[in-house]
K.L.:
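My structure is below; once you've seen it, I'll send some questions.
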Amino acid sequence: MYLEWLFLPDDTFLEYREYLRTNRDRIRELLFLSNDSPTRKIYEVPFRDNFFQYTGEEFGISDISATDSSIFVRELYNGKKIIISRAFTKYGGEVWPSSFTGIMWVDREDMGQFTVMMMEHLEHLSVLKFLRERRPFAALIDGSLTGRLFHRKATLLAEGYENFPEKYFLSLKNLIELSLDTEVPLIFIAKSSETSIFRRFLSERYSIYDDTHREVTDHLLVKSIANSRGYTNPVTRDYTIPTTDFTFKISTLHVLPDVRDIPLKVDLVQHADVKEIPPDIINMIFYGYAGYKVYNLWLADVDNAVKLRRSEIENIYMKEFERQIGVEFYETRGERRARTRI
């Protein structure tokens with residue numbers, strides 16, 4: 001049977017290779033703007049005027065918190081899901097946790113939205129707990145702040161959590177308000193980004209008509225044009241949290257910690273009368289970079305702590321489910337086969 005499978009006709013790789021060969025110039029341009037790219041020629045001078053080389057400065061502050069989350073989902077044979085999620089805010093050797101457990105039905109099309117929002121909601125709650133007790137130099141959170149403001153605010157098809165977006169945006173509002181009240185810088189660092197905030201800023205400042213360049217992201221510009229480590233001119237905008245009337249300012253910049261690496265997107269909650277990012281925060285971001293695998297020392301540390309590992313899930317959480325519920329074969333056949341192969 002398995003020997004027969006080896007000789008089944010399959011042109012997948014051949015078609016893949018031909019697709020790459022036929023489209024390689026276009027794909028290269030999507031990943032890197034060549035020297036003769038019309039888009040690069042349009043943006044190169046404005047970009048260089050708004051990209052600051054980082055030469056490296058001393059940074060000796062360790063008074064920094066970091067927050068991240070993780071989630072586990074398993075489907076039961078009745079169509080419902082076991083969802084376990086947690087967020088940690090780590091500060092030195094202390095941890096402020098926030099968690100969620102649910103066995104519920106979630107529409108497949110809303111599953112991705114719900115799980116992402118749940119993890120981020122738990123992050124908000126975790127940082128809120130922490131900032132009510134401590135005042136660090138800065139509070140780091142994994143991910144994008146501007147991205148959180150564009151989550152769908154419509155009702156979710158999730159059992160018992162149909163109106164969850166309202167709760168999500170309320171926790172975000174409470175977090176931003178507490179950060180502003182305590183004057184603790186709230187800094188979101190995203191490893192990847194599809195934003196074009198900086199490109200649109202350049203277009204506005206230099207009157208560039210870029211209707212044909214809408215697919216050009218900020219990270220594509222940075223990776224293509226920057227020839228040294230550094231960061232983009234911060235762009236400060238007013239944002240309103242959905243389902244609320246709360247408006248605040250976010251300064252967004254892109255940091256290239258190493259010319260051989262890819263950029264990081266940084267969102268900083270700003271006070272109304274502040275337009276610049278303090279040098280210590282810039283120094284902290286560069287200091288925290290430790291190579292491609294560790295984009296930020298503090299966030300990598302909390303990610304390692306909060307991660308729900310398969311061994312932990314199977315040997316602790318699912319064993320407890322079996323002990324408490326006492327039902328055999330509670331998973332779907334596909335889930336059970338995947339687990340028994342471990």
Side-chain angles (χ1 to χ4, degrees), residues 2 5 65-91 93-127 129-130 140-144 147-148 151 156 158-161 164 168 188-192 262 290-342:
Y2 292 106
W5 175 82
S65 71
T67 303
D68 201 357
S69 59
S70 63
I71 198 163
F72 166 80
V73 179
R74 175 158 292 169
E75 186 172 354
L76 305 180
Y77 70 82
N78 64 356
K80 300 206 176 190
K81 312 285 195 305
I82 300 175
I83 302 175
I84 304 168
S85 185
R86 67 186 180 194
F88 287 175
T89 293
K90 200 165 184 291
Y91 181 65
E94 297 181 89
V95 169
W96 282 256
S98 186
S99 63
F100 169 81
T101 299
I103 297 180
M104 55 195 290
W105 175 84
V106 183
D107 184 83
R108 292 188 185 279
E109 293 187 3
D110 280 358
M111 193 65 195
Q113 175 91 357
F114 178 73
T115 53
V116 168
M117 291 183 73
M118 176 56 71
M119 287 192 292
E120 293 175 350
H121 175 64
L122 294 176
E123 290 171 0
H124 304 162
L125 298 180
S126 175
V127 183
K129 288 181 185 178
F130 168 70
L140 306 183
I141 300 176
D142 183 75
S144 165
R148 297 181 190 219
H151 281 312
L156 292 175
E159 182 183 2
Y161 285 82
F164 180 62
Y168 171 93
F188 292 73
I189 301 181
K191 299 180 286 294
S192 62
I262 56 178
Y292 183 76
K293 292 184 178 180
V294 182
Y295 70 101
N296 182 274
L297 292 169
W298 297 281
L299 288 173
D301 182 43
V302 72
D303 171 73
N304 185 61
V306 77
K307 192 173 296 181
L308 285 162
R309 291 173 172 79
R310 185 174 291 272
S311 60
E312 180 183 5
I313 288 294
E314 302 302 346
N315 296 327
I316 299 176
Y317 286 88
M318 300 317 297
K319 291 294 185 186
E320 183 65 13
F321 179 92
E322 293 165 4
R323 189 181 72 82
Q324 295 268 7
I325 306 304
V327 176
E328 290 187 280
F329 303 119
Y330 50 86
E331 306 152 305
T332 64
R333 184 176 296 275
E335 294 276 20
R336 187 167 72 250
R337 287 181 63 193
R339 178 163 65 92
T340 55
R341 283 198 300 266
I342 298 172

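From a predicted model like this one, the values you see are computed outputs, not experimental measurements. Count residues from 1 along the sequence.
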K.L.:
With no hydrogens and no angle check, just 3.5 Å: does a side-chain donor-acceptor pair link Glu123 and Ser69?
P.N.:
yes

K.L.:
Checking Ser126 side chain against Thr89 main chain: does a donor-acceptor pair fall under 3.5 Å?
P.N.:
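Flag set: sc Ser126 to bb Thr89 pair under 3.5 Å.
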
K.L.:
What distance do Ile325 atom CD1 and Met318 atom CE have between them, rounded to the nearest 0.5 Å?
P.N.:
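Ile325 atom CD1 to Met318 atom CE measures 10.0 Å (nearest 0.5 Å).
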
K.L.:
Asp68: what forms a salt bridge (Lys or Arg N to Asp or Glu O under 4.0 Å) with it, not counting sequence neighbours?
P.N.:
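Scan of Asp68 (salt bridge (Lys or Arg N to Asp or Glu O under 4.0 Å), adjacent residues dropped) gives none.
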
K.L.:
According to side-chain hydrogen bond (donor to acceptor under 3.5 Å, both in side chains), who are the partners of Lys129, at least two apart in sequence or on a separate chain?
P.N.:
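For Lys129 there are no side-chain hydrogen bond (donor to acceptor under 3.5 Å, both in side chains) partners, ignoring immediate neighbours.
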
K.L.:
Of all the heavy-atom pairs spanning Phe321 and Ile82, show the shortest one and how long it is.
P.N.:
CE1-CD1, 3.8 Å

K.L.:
Less than 4.5 Å apart, side chain to side chain, heavy atoms only: is that true for Lys81 and Thr115?
P.N.:
no

K.L.:
Would you please name every residue forming a side-chain contact (heavy atoms from CB on, under 4.5 Å) with Tyr292, sequence neighbours left out?
P.N.:
Asp261

K.L.:
List for me each residue that meets side-chain hydrogen bond (donor to acceptor under 3.5 Å, both in side chains) alongside Asn296, sequence neighbours excluded, and say none if there are none.
P.N.:
none

K.L.:
Quick one: list whatever passes salt bridge (Lys or Arg N to Asp or Glu O under 4.0 Å) with Glu320, sequence neighbours left out.
P.N.:
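So Glu320 forms a salt bridge (Lys or Arg N to Asp or Glu O under 4.0 Å) with Arg323.
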
K.L.:
With rounding to the nearest 0.5 angstrom, report the OG to CE distance, Ser99 to Met118.
P.N.:
10.5 Å

K.L.:
For the CG atom of Leu122 and the CD1 atom of Ile71, what is their distance to the nearest 0.5 Å?
P.N.:
8.0 Å

K.L.:
Do you know the tightest heavy-atom contact between Ala290 and Leu297?
P.N.:
CB-CD2, 3.8 Å

K.L.:
Considering all heavy atoms of both residues, which atom of Lys80 and which atom of Asn78 are nearest to each other, and what is their separation?
P.N.:
N-OD1, 3.0 Å

K.L.:
Could you tell me whether the side chain of Lys90 reaches within less than 4.5 Å of the side chain of Asn304, counting heavy atoms only?
P.N.:
no

K.L.:
For His121, what residues pass the side-chain hydrogen bond (donor to acceptor under 3.5 Å, both in side chains) criterion, not counting sequence neighbours?
P.N.:
Ser171

K.L.:
Among residues at least two apart in sequence or on other chains, which ones pass side-chain hydrogen bond (donor to acceptor under 3.5 Å, both in side chains) with Trp96?
P.N.:
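Partners of Trp96 by the side-chain hydrogen bond (donor to acceptor under 3.5 Å, both in side chains) criterion, ordered by chain and then number, come out as Glu133.
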
K.L.:
Who pairs with Ala158 by side-chain contact (heavy atoms from CB on, under 4.5 Å), at least two apart in sequence or on another chain?
P.N.:
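If we apply the side-chain contact (heavy atoms from CB on, under 4.5 Å) test to Ala158, skipping adjacent residues, the hits are Met104, Val106, Phe114, Leu156, Tyr161.
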
K.L.:
Do the side chains of Arg74 and Glu314 get close enough for a salt bridge, i.e. N-O under 4.0 angstrom?
P.N.:
yes

K.L.:
Check ring pair (Phe, Tyr, Trp, His ring centres under 6.0 Å) between Tyr168 and all other residues, then give those that pass, not counting sequence neighbours.
P.N.:
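In terms of ring pair (Phe, Tyr, Trp, His ring centres under 6.0 Å), with neighbours along the sequence ignored, Tyr168 is linked to His124, His151.
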
K.L.:
How far does CD of Glu120 sit from CG of Leu125, to the nearest 0.5 angstrom?
P.N.:
12.0 Å

K.L.:
Mind checking what makes salt bridge (Lys or Arg N to Asp or Glu O under 4.0 Å) contact with Asp107, not counting sequence neighbours?
P.N.:
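Asp107 satisfies salt bridge (Lys or Arg N to Asp or Glu O under 4.0 Å) with no residue once adjacent residues are dropped.
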
K.L.:
Using a 3.5 Å distance criterion without hydrogens, assess whether the side chain of Ser85 forms a donor-acceptor pair with backbone atoms of Ser70.
P.N.:
yes

K.L.:
For the atom pair OG1 (Thr67) and CZ (Phe88), what is the distance rounded to the nearest 0.5 Å?
P.N.:
11.0 Å

K.L.:
Only counting residues at least two apart or in another chain, list the ones meeting salt bridge (Lys or Arg N to Asp or Glu O under 4.0 Å) with Lys307.
P.N.:
Asp303

K.L.:
Taking all non-hydrogen atoms of both residues into account, name the closest pair between Arg148 and Asp142 and its distance.
P.N.:
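Scanning both residues, the minimum pair turns out to be NH2-O, 3.1 Å.
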
K.L.:
State which residues pass ring pair (Phe, Tyr, Trp, His ring centres under 6.0 Å) with Tyr91; sequence neighbours excluded, sorted by chain then number.
P.N.:
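If we apply the ring pair (Phe, Tyr, Trp, His ring centres under 6.0 Å) test to Tyr91, skipping adjacent residues, the hits are Phe130.
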
K.L.:
Where do Ile141 and Leu299 come nearest, in terms of heavy atoms and distance?
P.N.:
C-CD2, 4.1 Å

K.L.:
I need the Lys319 NZ to Glu322 CD distance, nearest 0.5 Å.
P.N.:
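If we round to the nearest 0.5 Å, Lys319:NZ and Glu322:CD are 5.5 Å apart.
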
